[in-house]
Amino acid sequence: MNLKEEHQEAACVHSNFTCLGTSLTAADVLLYASVAVVVTLTVCGNLLVIISICHFKQLQTPTNFLLLSLAVADFLVGVIVMPLYFTMLIDSQRCFDILYCTIFNVAAYYLTCTSIYNVALIAVDRYLALSNPFHYSMKVTVNVTLRIIGILWLYSLIYNMLLLYFNGNITDMKANITCGECIIIVNKVWAIVDFIIVFVLPCSIIIFIYLNIFAIAKKHANKIRSVRKCPKENNSNTASERKAAKTLGVLVAVFLLCLVPYYVRSFLDVYFRNESMHLAVSITETLIYLNSSINPVIYALFYPWFQRSVKLIITLKICGTDSSVLHVLAQET
């Protein structure tokens, strides 16, 4: 690096504004265009989920409110985290001040933790619905679900603020800023604690519960095949529950595929921090943020109610009188 570039980077680090170290190339423009598409898909896709569940009363069930909570987290990832992350990834000469890096780090850690526990709650919700439907309908109400979601978001915020604060990532943020990235410093003790709390514990719950869910679904299917005198309506209801569990299983499976590499790499990075890990960092971190873009696609492919809701939103039929009571679930089987 020559003297001019060193001076430019130094000025960039101490500036209160972002700056470009180099002019944009054709490749950069193509990358930024691709990022714009991904961010737009993430924001608009999750916004459609939020509007659908908030507007249509028929969709306001405990399970869908958990999906709403996950969609809000994904929406915020698209609005706050993705633009800053992809900018740092594409242009290593662009520098951010303390405010930008603090917002990015808090949002990234907070929303990731919230998403993980949201998915764990979705798994618990489906297990309760399949294992004891009567108890589920009596105890798991919308109000109870909303309280649990509120506790989850508050817990996640407090935990991640403590994690960042006690590792000096808030009190001494300036020391962790370099051009092209906002570094997070986590000591080995906190790394183990975070690995257990944010990865091992919720993922173990998710995997254990879904193994039980599919065992219950298989048991129900065997009963239907063996007892031919079961009413057709009961068969249909059981099949619908199994279909819902399988659909959410796809959501969970994709989530784990995006999550596991990221947290395994993060844990190893604490003990084996070197230049060869840089590519793994970029790939796994990108993968976990792209999961926020994938979720709306899963809803569109597997949830007929979402497809119908989107049509009503795009055609502005939700602006009509009493549109909130339209039957978007009328054709569900």
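The figures here come from the full heavy-atom set of this structure, side chains too, leaving out hydrogens, waters and symmetry mates.
- With a 4.5 Å cut-off on side-chain heavy atoms, V260 and F199 count as touching.
- Side-chain contact check for L121 versus L152: some heavy-atom pair is nearer than 4.5 Å.
- Residues F56 and I318 form a side-chain contact, since some pair of their non-hydrogen atoms from C-beta on lies under 4.5 Å apart.
- Here the shortest heavy-atom pairing between L301 and Q307 reads O-NE2, 3.8 Å.
- In terms of hydrophobic clustering, with Ile, Leu, Val, Met, Phe, Trp and Tyr side chains grouped at heavy-atom distances under 4.5 Å, V142 and F134 are assigned to different clusters.
- To the nearest 0.5 angstrom, I213 atom CD1 is 11.0 Å from F208 atom CZ.
- Under the 4.5 Å side-chain heavy-atom criterion for Ile, Leu, Val, Met, Phe, Trp and Tyr, L211 and L251 are members of the same hydrophobic cluster.
- Contact check for Y32 versus T87: side-chain heavy atoms found under the 4.5 Å cut-off.
- One distance of note links CG of N46 with CD1 of I51; it measures 11.0 Å at 0.5 Å rounding.
- Looking at F75 and T42, their side chains never come closer than 4.5 Å, going by heavy atoms from C-beta outward.
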(request) Quick one: do Y136 and S131 satisfy side chain to side chain donor-acceptor pair (under 3.5 Å)? Show the steps, please. (result) CA-CA 9 Å; Y136 174 84; S131 62; over 6 Å; no

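- In plain terms, the two heavy atoms of T63 and R126 that are nearest each other are OG1-NH2, 2.8 Å.
- To the nearest 0.5 angstrom, Q60 atom CD is 9.0 Å from L68 atom CG.
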(message) Under the criterion side chain to side chain contact (heavy atoms under 4.5 Å, CB included), I'd like the reasoning laid out for C258 against L290: C-alpha separation, chi angles, the key distance, then a yes or no.
(response) CA-CA 8 Å; C258 294; L290 286 179; over 6 Å; no

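- The minimum heavy-atom distance between I209 and A123, with the atom names listed, is CG2-O, 3.2 Å.
- Atom CG of L257 sits about 12.0 Å away from atom CD1 of I288, to the nearest 0.5 Å.
- Residues F166 and N187 form no side-chain contact, since every pair of their non-hydrogen atoms from C-beta on lies 4.5 Å or further apart.
- Under the side-chain contact (heavy atoms from CB on, under 4.5 Å) criterion, S69 pairs with N118, I149, W153, not counting sequence neighbours.
- Under a 3.5 Å cut-off, the side chain of Y85 and the backbone N or O of T286 do form a donor-acceptor pair.
- Put simply, the side chain of F306 does not reach to within 4.5 Å of the side chain of L59, judged on heavy atoms.
- Taken from OG in S137 to CG in L128, the straight-line distance is 11.5 Å, to the nearest 0.5 Å.
- Closest heavy-atom contact between V81 and A107: CG2-CB, 3.8 Å.
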(request) Evaluate the side chain to side chain contact (heavy atoms under 4.5 Å, CB included) criterion for residues M82 and V38: first the C-alpha distance (whole Å), next the side-chain angles of each, then the deciding distance (0.1 Å), finally the verdict. (result) CA-CA 9 Å; M82 279 186 171; V38 172; 4.3 Å; yes

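- Residues Y303 and S309 bring no donor and acceptor atom of their side chains to less than 3.5 Å of each other.
- Under a hydrophobic clustering in which Ile, Leu, Val, Met, Phe, Trp and Tyr are joined whenever their side-chain heavy atoms come within less than 4.5 Å, directly or via other members, I314 and V328 fall into the same cluster.
- When every heavy atom of K139 is checked against every heavy atom of V144, the shortest pair comes out as O-CG2, 3.8 Å.
- Linking Ile, Leu, Val, Met, Phe, Trp and Tyr residues whenever their side-chain heavy atoms come within less than 4.5 Å places V72 and L154 in a single cluster.
- Here T112 contributes atom OG1 and L259 contributes atom CG; the two are 8.5 Å apart, rounded to the nearest 0.5 Å.
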(request) Any chance you could lay out the side chain to side chain contact (heavy atoms under 4.5 Å, CB included) test for K317 and S323, step after step, and finish with the verdict? (result) CA-CA 7 Å; K317 289 184 179 179; S323 62; over 6 Å; no

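- Hydrophobic clustering, with ILVMFWY side chains joined whenever heavy atoms are under 4.5 angstrom apart, keeps V37 apart from L47.
- Residues Y109 and T114 bring no donor and acceptor atom of their side chains to less than 3.5 Å of each other.
- Among residues two or more places apart in sequence or in another chain, the side-chain contact (heavy atoms from CB on, under 4.5 Å) test is passed with V252 by V119, I206, Y210, L256.
- Ring pair Y117/Y155 is perpendicular by interplanar angle, where above 60° counts as perpendicular and below 30° as parallel.
- Judged purely by distance below 3.5 Å, without hydrogens or angles, the side chains of Y263 and D194 never pair a donor atom with an acceptor atom.
- The environment of F86 atom CZ is dense: over 12 non-hydrogen atoms of other residues, nucleotides or ligands sit within 6.0 angstrom.
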(request) Give the C-alpha distance, both sets of side-chain angles, the deciding distance and a yes or no for side chain to side chain contact (heavy atoms under 4.5 Å, CB included) between Y299 and L67. (result) CA-CA 10 Å; Y299 302 145; L67 290 177; 3.9 Å; yes

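- Side-chain contact between N291 and N295: present, with at least one pair of heavy atoms (C-beta onward) separated by less than 4.5 Å.
- Residues I196 and P202 share a closest heavy-atom pair of O-CD, 4.1 Å.
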